[in-house]
Amino acid sequence: MCGIVGYVGQQEAVGVVVEGLRRLEYRGYDSAGVALASAGGLHVAKRAGKLANLDKVLAEQPPAPTTTGIGHTRWATHGAPNDVNAHPHTDCHGRIAVIHNGIIENFAELRDTLERAGHEMDSETDTEVVAHLLEEVLPACDDDLGEALRTVCRLLRGAFTLVVVDAQDPDTVVAARRSSPLVVGRGDGENFVASDVSAFIAHTRDAVELGQDQVVVVTRDHVVITDFHGQPAEGTPYQVDWDASAAEKGGYDWFMLKEIDEQPQAVADTLLGRLSPNGTLQLDEMRLSDDDLRDVNKVIIVSCGTSFYSGLVAKYAIEHWTRLPCEVELASEFRYRDPVLDRSTLVVAITQSGETMDTLMATRYARAQRAKVLAICNTNGSTIPRESDAVIYTHAGPEVAVASTKCFLAQIVACYLLGLYLAQVRGTKYGDEIATILDQLHGIPAAVQIMLDGAEQVRALARELVGATSVLFLGRHVGYPVALEGALKLKELAYLHAEGFAAGELKHGPIALVDEGVPVFVVAPPRAREVLHDKVVSNIQEVRARGARTIVLAEDGDESVVPYADELIWLPRVPTLLQPLVATVPLQLFACELAAALGHDVDQPRNLAKSVTVE
Ligand code: F6R
């Protein structure tokens with residue numbers, strides 16, 4: 001999730017573009033760069049790190065005055081966050097500059113073809129191929145940049161917003177979108193393109209959201225939209241009525257709410273680019289060989305907090321698909337118990353930030369014991385992936401709210417990809433079985449969207465329960481970590497007593513907490529897991545008989561829970577192992593709404609930090 005801005009108008013472009021980037025920095029801050037187009041050619045400046053580093057370069061080497069430019073602030077996906085991988089990327093002759101948000105799935109094949117044709121690439125990014133493809137096709141398109149970008153878009157697979165400028169046509173910015181955001185800002189004698197309106201609302205509030213698979217050619221006085229085949233198309237015009245800080249949050253009250261709503265995209269992006277041309281699973285950031293993975297005889301997941309709970313979910317799938325034993329350990333406890341590790345142990349460190357000290361220390365300990373370490377991480381170039389033997393990145397984009405939401409879902413997806421990959425390499429699942437599970441995973445963004453569309457039911461419930469002093473969460477199997485996560489969200493945001501329990505453990509003690517009116521959330525497994533399901537239905541009856549107010553999350557159409565539920569939250573039908581990806585969403589929304597109703601700062605709860613860099 002990068003930030004993108006483009007400008008053509010009458011003002012000094014560098015100022016407008018850099019100011020736009022400042023407003024977009026929340027979308028990514030690994031590196032930043034600009035390309036300014038003028039009759040004298042392109043001026044490209046880019047630097048790793050925060051925008052301040054780019055400011056310094058531009059102050060030291062000011063570009064020639066011009067009124068056309070593009071800028072990018074990066075959240076790295078392909079390639080480390082360094083100067084070379086920073087956007088914009090250019091073609092062989094420095095004529096075309098490209099910025100990109102998203103993932104081009106077939107970039108490796110395209111890069112190979114381009115390199116065979118003599119193109120030289122500087123970076124490790126998927127983006128750079130676009131600049132070289134444009135260089136290839138421009139002559140056949142009569143040097144028409146719009147036509148060239150349409151031609152290139154038809155060659156690309158994946159998700160992308162692309163913005164390009166051509167030194168030989170310095171009064172035009174061309175942009176394209178597929179499954180990544182792009183909005184046009186229409187001004188008076190000036191026009192803008194950006195990943196979101198916050199980049200230009202200081203200049204205009206007249207916006208047009210581009211549709212799927214559209215290209216827009218923007219000049220000072222014109223905005224022309226077509227589809228990828230050149231047919232005239234229309235975007236969706238609207239007036240922006242947010243202030244600048246609300247615009248950063250996409251109009252949401254809290255980053256957390258925005259991030260909850262971004263979950264379909266986070267899941268979809270984490271799944272992107274994982275299939276090789278022959279249909280097998282590929283994890284291209286995997287630096288462990290298939291032989292290394294065949295050698296593994298035990299998996300240990302280490303992580304903290306919400307990332308720990310994603311590991312608890314993953315354990316069920318990894319053991320089921322690979323038949324390897326999988327332990328899940330709190331990173332802060334791991335190295336103090338003298339764990340049994342050797343070269344055949346695969347230690348998986350799950351971390352959003354890549355900087356959590358407890359997890360870092362656990363991975364260092366594991367490596368010292370010669371175990372193989374694989375990081376599942378959302379932050380490219382952070383310490384834990386750097387120090388690991390392999391990495392699978394979650395492509396959730398920056399998570400600004402302290403409470404983790406979209407990264408939890410993306411972590412589960414990444415763990416499942418790892419589980420399926422191990423199963424593929426070790427031959428514990430047939431290719432068609434893996435393909436079926438991947439298909440089911442690809443259905444999850446739509447299922448999560450159904451949960452988001454029903455948010456108001458949960459939010460109303462939260463407002464109703466604002467006086468609760470204690471809330472319990474129950475689940476079995478993969479529903480158990482969902483219960484733990486629901487309780488953690490409520491503790492950290494609403495500062496309420498909340499506990500998650502394995503539903504079967506209830507009778508061994510916690511049921512004493514149940515009293516008249518205590519809200520108890522219960523995650524009911526899909527009916528396909530009959531034994532599991534029936535046991536949970538009994539648990540719902542047990543707590544209800546003791547006065548609990550039961551809030552049941554159950555598969556759509558599961559009539560068996562209806563008599564015992566004071567409130568029913570229907571979940572779309574998905575396989576049992578995938579149910580956490582939908583069942584967690586209402587619990588996040590519940591905690592967020594309850595905390596807001598109590599007047600708490602949802603994005604920055606008391607006593608907490610986004611990245612915990614102390615042990
Ligand atoms: C809770 C939360 C924390 C983090 C934990 C690990 O909402 O965000 O529990 O999950 O501090 O952080 P990472 O994943 O960065 O290692």
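Fair warning: this is a prediction, and the values are worked out from it, not measured in the lab. Start at 1 and go down the list; that is how both ligands and their atoms are numbered. Count residues from 1 along the sequence.
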| field | Proximal atoms of ligand 1 relative to Thr356 (non-hydrogen, under 4.0 Å) | value | 12 (O), 13 (P), 15 (O), 16 (O)
| field | Shortest protein heavy-atom distance from atom 6 (C) of ligand 1, along with the residue and atom involved | value | Cys304 O, 3.4 Å
| said: Can you report which non-hydrogen protein atom sits closest to atom 10 (O) of ligand 1, along with the distance? | reply: Thr306 N, 3.2 Å
| task | For Lys489, counting its heavy atoms only, list the atoms of ligand 1 lying under 4.0 Å from any of them. | result | 1 (C), 7 (O)
| task | List every atom of ligand 1 that sits less than 4.0 Å from any heavy atom of Thr351, numbering the atoms from 1 in the order shown and giving each element. | result | 13 (P), 14 (O), 15 (O), 16 (O)
| query | For the residue pair Phe521 and Phe473, does the interplanar ring angle fall in the parallel (under 30°), tilted (30 to 60°) or perpendicular (over 60°) class? | reply | parallel
| remark: Counting from 1 in the order shown, the ligand 1 atoms closer than 4.0 Å to a non-hydrogen atom of Val402 are 8 (O)
| request: Indicate yes or no: at least one non-hydrogen side-chain atom of Glu485 is less than 4.5 angstrom from one of Val482. | output: no
| request: State whether Arg335 and Glu329 are salt-bridged, where the test is any N-O pair (Lys NZ or Arg NE/NH1/NH2 against Asp/Glu carboxylate O) under 4.0 Å. | output: no
| said: Please verify the inter-ring angle class for His100 with His87; under 30° counts as parallel, over 60° as perpendicular, anything in between as tilted. | reply: parallel
| salt bridge (charged side-chain N to carboxylate O under 4.0 Å, His left out) with Asp389: which of Arg367, Lys372, Arg370? | Arg367
| Numbering the atoms of ligand 1 from 1, which are under 4.0 Å from a heavy atom of Glu492? | 1 (C), 7 (O)
| query | Counting N and O atoms only, with roles assigned by atom type, does the side chain of Glu399 sit under 3.5 Å from a partner on the main chain of Cys407, one being a donor and the other an acceptor? | reply | yes
| More than 12 non-hydrogen atoms from neighbouring residues, nucleotides or ligands closer than 6.0 Å to CD on Gln604, yes or no? | no
| By number and element, which atoms of ligand 1 are closer than 4.0 Å to a non-hydrogen atom of Gly305? | 9 (O)
| message | Between the side chains of Glu319 and Lys315, is the shortest nitrogen-to-carboxylate-oxygen separation below 4.0 Å, so that they form an ion pair? | response | yes
| said: Using a 4.0 Å cut-off to any heavy atom of Ser353, which atoms of ligand 1 qualify? | reply: 13 (P), 15 (O), 16 (O)
| query | For ligand 1, which atoms sit closer than 4.0 Å to a heavy atom of Ala403? | reply | 7 (O)
| query | atom 11 (O) of ligand 1: which protein heavy atom is closest, and how many Å away? | reply | Val612 CG2, 4.2 Å
